[in-house]
Amino acid sequence: MEFLVSHADRHQQVTVLNEELSIRYAKLQMEYEALHKEMIDYKTRANYWEAQFNKFKSREDELKSEIEELKAKLRKREQQLFGKKSEQGISRQEHTINFQTKLTNNKKKGQQPGSKGHGKRSYNHLPVVEETVDLFEKDAICPCCHLPYEELPEMENSEILEVINVKPYRRLIGRKKYKRNCVCEKNSDPQIITPPPSERLIPKCKFGISIWAYLLVKKFEYQQPMHRTLSELKGNGLSLAKGTVTDGFQKLLPLFIPVYDAIVAKSVAAKHWHADETTWKVFEAVEGKKNHRWFLWIFHNTETVVYKIEKTRSSKVLIDHFGFEHGGGTLNVDRYSAYKVIAKSGLFILAFCWAHVRRDFLNYSKEYSNNEAFGLLWVDKINHLYHVNNQRIQHDADSKEFNLHHKNLKDTISAMKEAIDQSLKENDLLPSARKLLISLNKHWSGLTVFIDHAEIPMDNNTAERGLRGSVVGRKNYYGSGAVWSSELAAALFTIFGTIKLYGLNVHTWLLGYFYECALLGGKSPEDIQKYLPWNMTEKQKQLFSEPPKHEDTG
């Protein structure tokens, strides 16, 4: 019986204990669920704030990158506004990385010892005006006894160069009259006979050939504004009306068109050109043209220099210039898209300019001071590439020395390409630096044309130098006031530039050409071949290379 009671008590105790455990378990379960819910809430919040942190961190990185870009642009603008305008004024730090400067960092300015000089200039071709200088009477006697000094037969000679000023004058031309003394019926001459009128470049115009040549050379060769030239002439006693000069220029334009067309035809027939373009103002309102911004194009080769002033900068200018049936050739150009359009025809090979690439890396090193070493490293590589190629082109293409330097050049360009590919694989490369290398990689085929064609230069400096004079004119007289004036500028830029390629004197050529035009009554010669420099004999070239015989403007 006691056993049964004890068992019942135990059963009751177990039941109570189970109930207590169930209650405790339920409480623990509730606490666990609450804690689990709280943990999930904390995890959610942690994930949220982590995402927010990553978002703000990414935004911070973007802002830092944007700040660096803005700082780079600010440095670029400051350089453009206040910095020196050429690479001659780059900092000493940049000089130290320049390859050629490193080779000669102790070199003094001027001609170097041991280099071949040009010798003294000779002025024997100038006319001589002899002068004899005597002592004053008071200086030609002894100050003590007052006896005169004896004059010796020899003299002590010296030489001074002088410039003769422009001296305008009037040509008073008297034509003799002749009277017939016979009454021959077969003679159709009038009773009073006079020689034909003197030649005039523009009929009924008082201005002589030399005045027109002087004015044109002053403006389109020396880029001097017309008002300044007229002021100079006025100071020398010749007052000319600007309107009369302008009207005369317009009448002279047809005389140059045949020569200009012949030079263009010669240029188009070539196989290699340097091409470039720059802005040019034309202030005449033209239908379909909303502004006065035109473009001056240049096509330069070894035989001709052609300028064109066009409304647009598009590839249409190139297509119109070369025509649809052109046999093609090689164009040294920059990376402007218009040239890439004409290259799609497959007829033209574009040789891109290493000077532009070098300029990109120089500008980068100035704009991104925190990554300056990257830009200067690639400037150094390009300098070395120039050095190796300059060594190669100093020798004949079939020589042993040429082949040796050619192999060195190919090894150098291969190493540069590997360096580009390796740098682009780096994850820590800055986006601004990556952009430069991607552009370099994109234009690589055009940048390496000179490797297998030694006659093709590495850069387009020839065209840029060819535009330099006209850019000075644009700054001095702002461009052209009318469309016909732009046509005259393009024609004379072309003629003068081509003439100078052959070492001819622009002023002398112009006087000779104008003289024949005047003999023809103000018309251009039917046969202009003798005025094209590539058709001239050596004797003609020598004649046209001499300076004008008369420095006046009569």
Side-chain angles (χ1 to χ4, degrees), residues 76 80 85 220 223 260-261 263-264 267-268 270 272-301 304-324 326 328-357 359-360 363 439 442-443 446-447 457 459-494 497:
K76 182 177 181 179
Q80 290 173 339
K85 301 300 182 183
F220 297 106
Q223 310 302 334
Y260 176 75
D261 291 341
I263 295 175
V264 171
S267 172
V268 172
H272 174 234
W273 310 265
H274 290 265
D276 201 3
E277 74 291 327
T278 187
T279 56
W280 188 266
K281 297 290 186 180
V282 178
F283 295 99
E284 180 180 351
V286 178
E287 185 178 356
K289 184 72 174 172
K290 296 181 180 180
N291 53 44
H292 301 300
R293 191 168 182 243
W294 291 44
F295 295 91
L296 175 66
W297 292 74
I298 183 175
F299 302 93
H300 194 303
N301 59 27
T304 58
V305 185
V306 172
Y307 294 84
K308 300 173 77 73
I309 297 179
E310 300 288 345
K311 303 176 185 177
T312 177
R313 197 189 174 201
S314 71
S315 59
K316 182 179 182 300
V317 177
L318 298 166
I319 296 172
D320 292 343
H321 176 70
F322 290 108
F324 291 98
H326 195 275
T330 303
L331 276 167
N332 273 92
V333 294
D334 54 25
R335 294 159 294 185
Y336 178 49
S337 59
Y339 302 112
K340 299 176 184 178
V341 172
I342 196 173
K344 291 180 180 178
S345 64
L347 298 175
F348 293 91
I349 299 173
L350 300 185
F352 293 122
C353 178
W354 276 101
H356 281 78
V357 177
R359 197 177 306 160
D360 289 343
N363 291 335
S439 175
K442 178 181 178 183
H443 299 93
L447 288 168
D459 51 48
N460 197 30
N461 291 348
T462 300
E464 294 197 357
R465 284 193 295 266
L467 288 174
R468 189 173 296 167
S470 54
V471 169
V472 172
R474 180 186 66 193
K475 292 181 179 179
N476 285 342
Y477 49 81
Y478 305 113
S480 303
V483 175
W484 70 262
S485 180
S486 69
E487 294 173 357
L488 179 64
L492 289 178
F493 289 162
T494 297

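Residues Gly473 and Gln223 approach most closely at CA-OE1, 3.3 Å, considering heavy atoms. Residues Ile309 and Ala489 come closest through the heavy atom pair CD1-CB, 4.1 Å. For the residue pair Ala338 and Leu318, the shortest heavy atom distance occurs at O-CD1, 3.6 Å.
A distance of 11.0 Å separates OH of Tyr260 from CG of Leu492, quoted to the nearest 0.5 Å. Note that NZ of Lys289 and CH2 of Trp294 are 7.0 Å apart. Values are rounded to the nearest 0.5 Å. Annotation: the span from Asp276 atom CG to Phe295 atom CZ amounts to 12.0 Å, rounded to 0.5 Å. To the nearest 0.5 Å, atom CD1 of residue Ile263 and atom OG1 of residue Thr494 are 6.5 Å apart. The distance from atom CZ of Phe493 to atom NZ of Lys308, rounded to the nearest 0.5 Å, is 15.0 Å.
Ring pair Tyr339/Tyr336 is perpendicular by interplanar angle, where above 60° counts as perpendicular and below 30° as parallel. Note on ring orientation: taking the six-membered ring where Trp is involved, the planes of His292 and Phe283 are tilted (angle from 30° to 60°).
Every pair tested for salt bridge (charged side-chain N to carboxylate O under 4.0 Å, His left out) that includes a residue from residues 473-492 fails, sequence neighbours excluded, so the list is empty.
Between Phe322 and Trp273, the distance separating the two ring centers is shorter than 6.0 angstrom.
His321 places no side-chain N or O within 3.5 Å of a backbone atom of Val317 that could act as its donor or acceptor partner.
With sequence neighbours excluded, no residue satisfies ring-ring contact (aromatic ring centres under 6.0 Å, His included) with Tyr478.
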Tell me which donor-acceptor pairs under 3.5 Å the side chains of residues 461-472 have, and how far apart each pair is, sequence neighbours excluded?
from   : atom 1 : to     : atom 2 : distance (Å)
Asn461 : ND2    : Asp459 : OD2    : 3.3
Glu464 : OE2    : His356 : NE2    : 3.2
Ser470 : OG     : Leu467 : O      : 2.8

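The residues Arg359 and Asp334 are annotated as not salt-bridged, no charged nitrogen and carboxylate oxygen being separated by less than 4.0 angstrom.
A side-chain contact (heavy atoms from CB on, under 4.5 Å) with Val306 holds for exactly one of Val264, Val268, Asn301, Ile298; it is Val264.
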Original post:
Given the rule in the side chain to side chain contact (heavy atoms under 4.5 Å, CB included) test, do Phe220 and Leu488 qualify, once you have shown the distances and angles that lead to the verdict?
Top reply: CA-CA 9 Å; Phe220 297 106; Leu488 179 64; 4.0 Å; yes
